[in-house]
Each structure stands twice: as C-alpha cells, then as structure tokens.
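What follows is a set of notes on a single structure, which appears directly below.
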Amino acid sequence: MIRALFMSRFTIALDKTRNAYKFFSESLLGWDEHIDRGMPWQGEKDPYKIWLSEILLQQTRVQQGLSYYLNFVEAYPTVQDLAKAEDDEVFRLWQGLGYYSRCRNLLHTARFITNELDGVFPHSYDELLKLKGIGTYTAAAISSFAFGDLRPVIDGNVLRVISRFFGIEDPIDTKSGRNAISKLTKSCIEITDNSAAYNQAIMNFGAIQCTPKFPKCSNCPLVNYCKAYQLNLVSQIPIKSKKIKKRERYFVYFNIESNEHILIKKRTDRDIWQNLYELPMTELSTPFRNLESISENWAIPIRKELIESLNISTTFKQNLTHQKIIATYVDISLIESNELATKPYFWVSKSELDQYAFPKIILDFLKVRARQLGISY
DNA sequence: AACCCGGGGCA
DNA sequence: TGCCCAGGGTT
C-alpha cells in the first residue's frame with residue numbers, strides 16, 4: 001500500500017517533468033519555424049564552414065561576426081586554402097574581431113586537418129574536442145549541425161534560457177549550476193529527433209526573445225511554464241557568482257616616422273594582442289606624467305642624437321575584458337631619415353600598413369594621424 | 001576552480 | 001559605466 005502510493009507519486013512527478021521537457025522543446029521548435037536571421041551558415045552542412053562560423057562567433061555577436069565570415073569564406077573556400085595562407089594575411093582578415101588566440105588556433109587546426117587528417121574533419125564529438133580552439137560548445141555545434149549527433153550545445157544563450165525556464169538559482173559559473181543545466185539540456189534535446197533544429201532554435205530564442213536585458217516575456221510562448229517568470233526572478237537569472245576585476249595599464253607608444261615609413265614590430269610575448277603588430281612602446285607602472293619621467297624607461301630603438309623633436313600627441317583608452325589600456329602617443333621626427341632598424345623593429349611604408357594587423361588602439365591612433373597628414377591608411 | 005584572452009553594442 | 005555576446009586555453 002505504502003509502496004504503491006510512493007510509486008504512483010513518483011510516476012506522476014516524473015511524468016510532469018517529462019511533459020515540461022516536451023513542452024519546452026516543442027515550443028522552441030515551433031517558435032523558431034518562422035525565424036530567419038539571414039545567417040549564411042544556417043543549414044550549412046560543410047563541416048569546414050560550420051567550424052569557421054563557430055570559431056568566428058565565439059564570444060561574438062552574430063551581427064559583428066557576419067562580415068568576417070563572408071570575408072573568410074571568400075578568401076579561403078576550403079580548409080586547404082586556409083591551411084596554406086600566410087599567418088599575417090589571416091590575422092589581417094581577423095583584425096578588429098578580438099580574442100586573437102582564436103585566429104592562431106584556427107590556423108593551427110586548419111593545418112593539422114589538412115596535413116595530418118588528409119583534409120577530413122573528425123566526425124565525432126570526442127575527436128572534435130581534441131582539436132585546438134574547439135571546446136565543448138563548438139564540438140557539440142559541429143557534431144550536431146554537420147553530422148546530426150543528438151548533442152546539445154551550451155552557450156550563453158542556452159545557459160540563460162534553460163536557467164530561466166527551469167528556475168536554476170545556482171550560479172551558472174559554478175559546477176553545480178553547470179551540471180544542473182547540462183542534465184536539463186540533455187533531457188530536452190532527447191525529446192526531439194532533430195538536434196540541429198533544436199540547437200538552432202534555442203540559440204535563436206536566447207538571442208531574440210529571451211534576451212539578457214528586457215526579455216520579451218509579454219509575448220513569449222513559454223511564459224506560462226517559465227519558472228523564473230513565476231518566481232519574478234527573470235531579471236535575476238542567470239545568476240553569476242564571479243565578478244571580474246580589471247587592472248589598468250599605461251602604455252607609451254612612439255610614432256617614429258621617416259621618409260614616408262613608420263617603425264613597427266610584432267607582439268610576441270604571452271600577453272594581449274599576441275601576433276599583432278604595434279609601434280615601439282614602453283609600459284609604465286604609473287600613469288604617464290611627462291616625457292622627462294619616462295627617459296629612464298627609454299625603449300625607443302633610435303639613437304637619441306637623431307631625434308629632432310619629440311612631442312606628446314594624443315591619448316587613447318581601450319577597455320578589454322580584464323584590463324583597461326591607457327596609451328599615450330608620442331610623435332618623433334628624425335634629423336635624418338633612414339636609420340637602419342634593429343632587431344624586432346622594422347620600417348614599413350605607410351602605403352603598406354594595411355597588410356599588417358594592429359590592435360584597435362593602434363588603428364585609432366593611425367586613423368587620427370592619417371587625418372592630420374591628409375592621407376588614408 | 002580561477003584567471004586570462006578583444007571589441008562592439010546597449011541601456 | 002557595466003554587462004553580454006553562438007567559449008576556449010592555461011595554470
């Protein structure tokens with residue numbers, strides 16, 4: 001008797017949960033039917049193009065990544081084309097998108113697939129996961145979109161939509177929160193028979209309907225069973241426990257021009273903007289005061305005797321995820337042009353600057369400088 | 001688990 | 001300003 005009662009209650013609870021998964025998945029698929037975001041990779045089956053789009057879109061809004069995707073597909077229609085491209089050329093195409101280690105990993109994996117895997121993409125989630133630049137999200141995306149695996153993706157959209165609908169109050173940046181969401185996504189996708197459509201739908205839904213701020217609950221097809229809505233926690237969920245702290249860095253850049261050439265170097269340190277180019281620079285531990293105070297940190301690869309004038313030009317700021325860069329630019333004119341550049345530094349004709357990838361804070365300066373000179377970089 | 005890696009858009 | 005974005009690598 002007691003056992004029967006227990007069994008019956010258990011069954012009802014399970015059935016209610018299962019209905020919740022079913023309602024969730026089917027509502028999403030229904031909602032997504034009339035959504036067209038004009039994304040050229042939608043419905044794409046070529047794993048190379050799917051991979052390319054997913055790398056470009058990591059931590060990047062679709063609208064921002066779209067033009068980059070079109071440029072890359074045109075320049076490198078196949079993984080072999082990308083594999084044989086010059087590093088600098090690919091980084092130049094990536095310029096402005098940020099998180100440049102993605103570009104380095106992209107090139108590494110393109111060459112690995114071309115040279116070691118005979119140009120064939122791995123078909124399984126586990127094999128995809130071994131590739132550089134491919135983590136759990138991207139492996140799930142490629143295996144579901146290209147190969148039809150029943151594999152749920154978990155990106156920022158999914159974390160938000162799932163945690164809201166099922167009322168997950170554990171922080172999503174903790175193990176318990178991630179585990180809870182991971183279990184739910186598996187249950188929801190298993191209800192469906194089209195994982196590609198499901199994954200597409202939930203990400204579209206997060207981007208358009210269940211947005212981070214001001215989600216459109218008033219016309220949401222899921223609102224009646226949305227736990228966060230019932231608890232009035234929509235604006236609180238998803239909950240994050242960590243808060244990033246930002247440090248300030250003070251850069252001094254030297255714009256050394258000579259005979260229509262400019263002195264640059266490549267950034268090679270394990271630091272921000274690795275593989276990009278920049279002007280000669282020194283970093284200060286305190287904010288820039290004046291030119292005299294930096295003479296001890298002298299980092300200009302030019303003999304002082306050749307310097308005719310040295311003037312503070314402009315200051316630019318740039319906000320990164322964990323750093324705030326404050327860069328002071330110094331214009332330097334030389335008495336005589338064409339001192340031989342040493343070591344990592346080299347002269348570049350101003351007309352050829354567009355062959356190199358620069359961080360935004362350098363581009364901002366070059367743009368202003370070009371306007372001063374009446375030319376365009 | 002904590003930290004690092006850009007740049008754009010938005011309120 | 002602070003937050004978020006079709007995350008991943010390193011320690």
Side-chain angles (χ1 to χ4, degrees), chain A residues 32 35 37 39-42 44 49-69 91 94-106 108-109 128-142 144-145 152-161 171-179 185 196 198-208 210-215 235-236 238-247 249 267 269-276 316-325 357-364:
Chain A
D32 193 53
I35 297 294
R37 293 215 270 163
M39 302 183 296
W41 51 84
Q42 191 156 0
E44 179 64 58
K49 289 179 182 169
I50 294 172
W51 167 65
L52 182 59
S53 71
E54 295 301 344
I55 302 297
L56 286 166
L57 291 171
Q58 286 168 2
Q59 292 298 102
T60 305
R61 290 174 192 278
V62 167
Q63 192 173 359
Q64 189 192 359
L66 178 56
S67 65
Y68 287 85
Y69 174 79
F91 274 95
W94 196 281
Q95 175 178 275
L97 197 58
Y99 283 149
Y100 297 92
S101 64
R102 288 184 292 166
C103 185
R104 190 177 68 246
N105 291 331
L106 183 83
H108 180 276
T109 294
L128 288 164
L129 207 47
K130 293 177 183 171
L131 300 175
K132 269 209 160 39
I134 295 184
T136 53
Y137 164 77
T138 306
I142 296 174
S144 73
F145 289 137
V153 297
I154 301 182
D155 73 334
N157 292 305
V158 174
L159 290 172
R160 185 172 58 257
V161 172
I172 59 169
D173 51 4
T174 63
K175 190 145 197 170
S176 65
R178 295 296 289 244
N179 281 343
T185 59
Y198 169 87
N199 282 334
Q200 187 77 246
I202 192 170
M203 289 193 284
N204 282 340
F205 186 79
I208 294 172
C210 196
T211 48
K213 292 172 187 173
F214 308 112
S235 62
Q236 320 287 324
I239 294 169
K240 289 186 177 174
S241 61
K242 303 176 200 163
K243 37 191 170 262
I244 56 173
K245 55 180 174 186
K246 200 168 283 194
R247 68 177 167 128
R249 298 177 71 179
R267 285 182 70 93
D269 293 350
R270 291 163 52 88
D271 195 359
I272 55 173
W273 305 325
Q274 192 179 353
N275 293 316
L276 272 61
F316 287 94
K317 297 178 181 176
Q318 183 170 10
N319 266 304
L320 310 182
T321 305
H322 291 87
Q323 305 177 26
K324 181 175 183 177
I325 310 297
F358 296 96
K360 184 181 185 303
I361 202 164
I362 299 286
L363 292 172
D364 287 345

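So that the names make sense, note that chain A is the first sequence line, chain B the second, and so on, each numbered from 1. Just so you know, these numbers use all the heavy atoms, side chains as well, and skip hydrogens, waters and symmetry mates. All values derive from a computational prediction rather than experimental measurement.
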I need the [atom1]-[atom2] distance between [X] and [N], as an integer number of Å.
{"X": "A:Leu320", "N": "B:dG8", "atom1": "CG", "atom2": "C1'", "answer": "13 Å"}
{"X": "A:Arg61", "N": "B:dG8", "atom1": "CZ", "atom2": "P", "answer": "13 Å"}
{"X": "A:Arg270", "N": "B:dC5", "atom1": "CZ", "atom2": "C1'", "answer": "11 Å"}
{"X": "A:Tyr68", "N": "B:dG6", "atom1": "OH", "atom2": "C1'", "answer": "10 Å"}
{"X": "A:Lys243", "N": "B:dA2", "atom1": "NZ", "atom2": "C1'", "answer": "14 Å"}
{"X": "A:Lys324", "N": "B:dG6", "atom1": "NZ", "atom2": "P", "answer": "18 Å"}
{"X": "A:Arg104", "N": "B:dC5", "atom1": "CZ", "atom2": "P", "answer": "12 Å"}
{"X": "A:Arg249", "N": "B:dG6", "atom1": "CZ", "atom2": "C1'", "answer": "13 Å"}

Nearest heavy-atom neighbours spanning A:Ile142 and A:Ile134: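 Distance-wise, the nearest heavy atoms are CD1-CD1, 4.0 Å.
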Residue pair A:Ala140 / A:Pro152: nearest heavy atoms and the distance that separates them: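 Reported closest heavy-atom pair: CB-O, 3.6 Å.
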5' priority, DNA chain B, between A:His322 and A:Phe358 [closest heavy atom]: A:His322
Contact nearer the 5' end of DNA chain B, comparing A:Gln59 with A:Lys213: A:Gln59
Which residues share a side chain to side chain donor-acceptor pair (under 3.5 Å) with A:Glu54, sequence neighbours left out: A:Tyr137
Classify [X] by what it touches in the nucleic acid, base, sugar-phosphate, or nothing, heavy-atom distance under 4.0 Å.
{"X": "A:Thr60", "answer": "base"}
{"X": "A:Gln323", "answer": "sugar-phosphate"}
{"X": "A:Gln42", "answer": "nothing"}
{"X": "A:Asp271", "answer": "sugar-phosphate"}
{"X": "A:Ile272", "answer": "sugar-phosphate"}
{"X": "A:Ile244", "answer": "nothing"}
{"X": "A:Arg178", "answer": "nothing"}
{"X": "A:Lys240", "answer": "sugar-phosphate"}
{"X": "A:Thr136", "answer": "sugar-phosphate"}
{"X": "A:Trp41", "answer": "base"}

Within the 6.0 Å centroid threshold, strictly below: A:Tyr100 and A:Trp273: no
Whole-angstrom distance between [N] and [M], as gauged at atom [atom1]:
{"N": "C:dG8", "M": "B:dG8", "atom1": "P", "result": "22 Å"}
{"N": "C:dA6", "M": "B:dC3", "atom1": "P", "result": "25 Å"}
{"N": "C:dC5", "M": "B:dG6", "atom1": "C1'", "result": "12 Å"}

Earlier contact from the 5' end, DNA chain C, for A:Gln64 and A:Tyr137: A:Gln64
Are more than 12 heavy atoms, taken from residues, nucleotides or ligands other than [X], located less than 6.0 Å from that residue's [atom1] atom?
{"X": "A:Arg178", "atom1": "CZ", "answer": "no"}
{"X": "A:Lys246", "atom1": "NZ", "answer": "yes"}
{"X": "A:Gln63", "atom1": "CD", "answer": "no"}

Span of DNA chain C in contact with chain A (heavy atoms, under 4.0 Å):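 Answer, 5' to 3': C:dG2 to C:dT11.
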side-chain hydrogen bond (donor to acceptor under 3.5 Å, both in side chains) between A:Arg249 and A:Gln323, intermediate numbers included: CA-CA 7 Å; A:Arg249 298 177 71 179; A:Gln323 305 177 26; 2.8 Å; yes
Salt-bridge contact A:Asp364-A:Lys317 (side-chain N to carboxylate O under 4.0 Å):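 Between A:Lys317 and A:Asp364 there is no salt bridge, as every charged N stays at least 4.0 Å from the carboxylate O atoms.
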Neighbours of DNA chain C within residues 49-58 of chain A, by heavy-atom distance under 4.0 Å: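 Here the set is A:Leu57, A:Gln58.
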Worked verdict on A:Trp94 versus A:Tyr68 for ring pair (Phe, Tyr, Trp, His ring centres under 6.0 Å): CA-CA 7 Å; A:Trp94 196 281; A:Tyr68 287 85; 7.3 Å; no
Residues A:Arg102, A:Asn105; criterion side-chain hydrogen bond (donor to acceptor under 3.5 Å, both in side chains); working and verdict: CA-CA 5 Å; A:Arg102 288 184 292 166; A:Asn105 291 331; over 6 Å; no
